[in-house]
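Note that the coordinates shown come from a computational prediction; the quantities given were computed from them, not determined experimentally.
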Amino acid sequence: MRRMLISDVVLNGHRTDVAIAGNRFESIGRQSGASFDSVIHCRGRMAIVPPFYNTHTHAAMTLLRGYADDVELSEWLTGHIWPAEAQLTPEDIYAGSRVAILEMIKSGTVFFNDMYWDQPATAQAAAEMGVRAAIGLLYLSGDEGQTNPRSRRSNAELLELAPDLPDRIQITEAPHSVYTVPEAGLRAAAESASQTGRILHIHVSETRQENADCIARTGRSPVAYLNDLGLIGPNSILAHCVHLSDDDRRILAEHDAVVAHLPASNMKLCSGQFDHAAARAAGLHLTLGTDGAASNNSLSMLTEMKLASLSAKIRSGSPTEARDHDVFEMATAAGARAFGIDAGRIAEGLLADALLIDLDQPGLIADHNLESNLVYAADSSVIHTVICDGRVLMADRRVPGEDEILEQGRAAAARVRART
Ligand SMILES: [Zn+2]
């Protein structure tokens, strides 16, 4: 088993050594470097912290970054995004996913929960680039209310590929939303999730319109409706949850369901302001995500932490809401826990996922409180090294093969432009 030593690194304000054996943290405490296959010398100038777990995104949408900004949600979807997506090929999606994963690694993210088309291409990209991912079996209705033929085909391909994927990659059930999937499809996703133990991933209560339409059609809010259909439980990841009632929050708390909070996307599309204070008071399991790069337009969890905190403070009228430590937990340990990943903290025995933070950066001085600096001050230039599953994915800010990934992404974006 390969052993790696991170020597003289700052952990929780103290200098120490961190040893990794295989894909887990083996020990924390002073070591001699002699028995290790590799040593990273930090000389007290780098800190080790957990990396980020992005609990809701659409990775390949990097190809549509800046493609249609500053328009109404319905125009954005029906006039721009959906027509462009309809023409994306698996090759495009592979290229876009690789750009997304590169951007995520460079901004300290080692896991993403994805919902998109042609999923084998995204799964392949994640497998090759060494990150963790949850890739959704997409449920969407087609013209006749039947399962969309494109997603049916790529779901079958994903299930075929699944046995060859590394343990880092998990498959989820991903019905898109209550407004795009008929009741039979939602029930089928719930049934499959309960039979297989897979996580269930869905957009919920993103807009007022979604809530109003659901209430008019079913007599219930999206959360209450999904609960009656068996889609709300501890394995449910619910993206957005902007417009929740007290009853909705009670249902989510009772079932220990997971909320993926997406502050940038909610603000940019003007979906509304997530009520962080009410969610916290209800005891909800809160995690953080970026959504896709067409509605954010960045995949940086550092930016997302800051927005989560600032938007919660404005919404509640209290600067004590969404404290730095709580937001950092949402982006790290809470996200890992939601997906059953035994990581999210730097501790002996846990999976070896970590960031090495370069302390000689202006955004980190004064150095009274590293978590505060990471949430409120830092950009991704402070991230020196990224480790996932015991492997170094980025060293000294360089990811192997990044020039080719960018070139391929630029070519795919040019194809998208040429078709429209
Ligand atoms: Zn989304």
Side-chain angles (χ1 to χ4, degrees), residues 1-53 101-102 104-111 126-133 164-170 301 328-329 331-333 335-337 339-361 364 367 370-371 373-374 378 380-402:
M1 189 182 287
R2 275 189 67 79
R3 295 176 76 232
M4 174 164 69
L5 182 67
I6 304 169
S7 90
D8 200 11
V9 69
V10 178
L11 172 63
N12 301 326
H14 302 285
R15 291 167 75 154
T16 186
D17 297 336
V18 174
I20 294 170
N23 66 345
R24 291 190 179 264
F25 292 115
E26 183 185 43
S27 67
I28 293 170
R30 289 297 184 185
Q31 298 271 341
S32 110
S35 61
F36 291 89
D37 300 292
S38 60
V39 181
I40 300 175
H41 296 282
C42 299
R43 299 184 177 85
R45 300 312 311 145
M46 289 206 271
I48 187 166
V49 298
F52 305 120
Y53 299 80
I101 294 166
L102 177 61
M104 288 191 258
I105 292 171
K106 294 194 113 171
S107 52
T109 294
V110 299
F111 165 84
E128 289 165 5
M129 292 179 72
V131 292
R132 305 183 187 281
D164 299 327
L165 293 170
D167 292 348
R168 291 180 275 110
I169 317 280
Q170 57 179 286
M301 292 283 281
F328 193 76
E329 283 283 306
T332 56
R337 179 162 59 91
F339 285 84
I341 302 166
D342 189 18
R345 287 181 296 118
I346 309 300
E348 287 175 10
L350 293 195
L351 289 168
D353 292 359
L355 306 180
L356 298 180
I357 303 294
D358 179 356
L359 296 173
D360 289 327
Q361 293 292 318
L364 300 184
D367 56 354
L370 180 60
E371 270 184 0
N373 283 346
L374 290 174
S380 52
S381 64
V382 306
I383 299 169
H384 180 280
T385 295
V386 176
I387 297 168
C388 177
D389 213 34
R391 277 185 54 208
V392 175
L393 304 188
M394 178 173 86
D396 203 3
R397 299 180 182 82
R398 291 290 297 175
V399 177
E402 62 181 75

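Partners of Arg2 according to the salt bridge (charged side-chain N to carboxylate O under 4.0 Å, His left out) rule, which considers only residues two or more places apart in sequence or in another chain, do not exist here.
The aromatic rings of Phe339 and Phe111 sit tilted relative to each other, their planes meeting at an angle between 30° and 60°.
Note on Arg3 versus Asp37: no salt bridge recorded, every NZ/NE/NH1/NH2 to OD/OE distance being 4.0 Å or above.
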*Does the side chain to side chain contact (heavy atoms under 4.5 Å, CB included) test come out yes or no for Leu356 and Ile40, once each step is laid out?*
CA-CA 10 Å; Leu356 298 180; Ile40 300 175; 3.8 Å; yes

*Run the side chain to side chain contact (heavy atoms under 4.5 Å, CB included) check on Met129 and Leu393 step by step: do they pass?*
CA-CA 8 Å; Met129 292 179 72; Leu393 304 188; over 6 Å; no

_From CA spacing to verdict: side chain to side chain contact (heavy atoms under 4.5 Å, CB included), Val110, Asp389_ = CA-CA 9 Å; Val110 299; Asp389 213 34; over 6 Å; no

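Nearest heavy atoms, Ile105 versus Val386: O-CG2, 3.3 Å. Smallest separation of non-hydrogen atoms from Ala352 and Ile20: CB-CG2, 3.7 Å. In terms of heavy atoms, Lys106 sits closest to Ile383 at O-CD1, 4.1 Å. Shortest non-hydrogen contact noted between Ala343 and Tyr53 is CB-OH, 3.4 Å. Taking all atoms of both residues into account, the shortest heavy-atom contact from Ala47 to Val9 is C-CG2, 3.9 Å. The shortest heavy-atom contact between Val392 and Ala395 is CG1-CB, 4.0 Å.
Taking the side chain as every heavy atom from C-beta outward, Leu374 and Val382 approach each other to under 4.5 Å. Under the 4.5 Å side-chain criterion, counting only non-hydrogen atoms from C-beta, Val399 is not in contact with Ile101.
Exactly one of Ile169, Asp353, Asp167 qualifies for a side-chain contact (heavy atoms from CB on, under 4.5 Å) with Arg132. That residue is Asp353.
Between atom CE of residue Met394 and atom CE of residue Met104 there is a gap of 14.0 Å, rounded to the nearest 0.5 Å. Interatomic distance, CD1 of Ile48 versus CD1 of Ile28, reported as 7.5 Å (0.5 Å rounding). Considering NE2 of His41 and CG of Asp17, their distance stands at 10.0 Å, rounded to 0.5 Å. The distance from atom CD of Gln31 to atom CD1 of Ile6, rounded to the nearest 0.5 Å, is 11.5 Å. For the atom pair CD of Glu371 and OG1 of Thr332, the computed distance is 7.5 Å after rounding to the nearest 0.5 Å. From His384, atom NE2 reaches atom CG of Leu355 across 12.5 Å, with rounding to the nearest 0.5 Å.
Annotation: side-chain hydrogen bond (donor to acceptor under 3.5 Å, both in side chains) contacts involving residues 341-352, sequence neighbours excluded, comprise Arg24-Asp342.
Distance alone, capped at 3.5 Å, places no donor-acceptor pair between the Arg45 side chain and the Asp358 backbone.
Within a 6.0 Å radius of CZ in Arg43, no more than 12 heavy atoms belonging to other residues, nucleotides or ligands are found.
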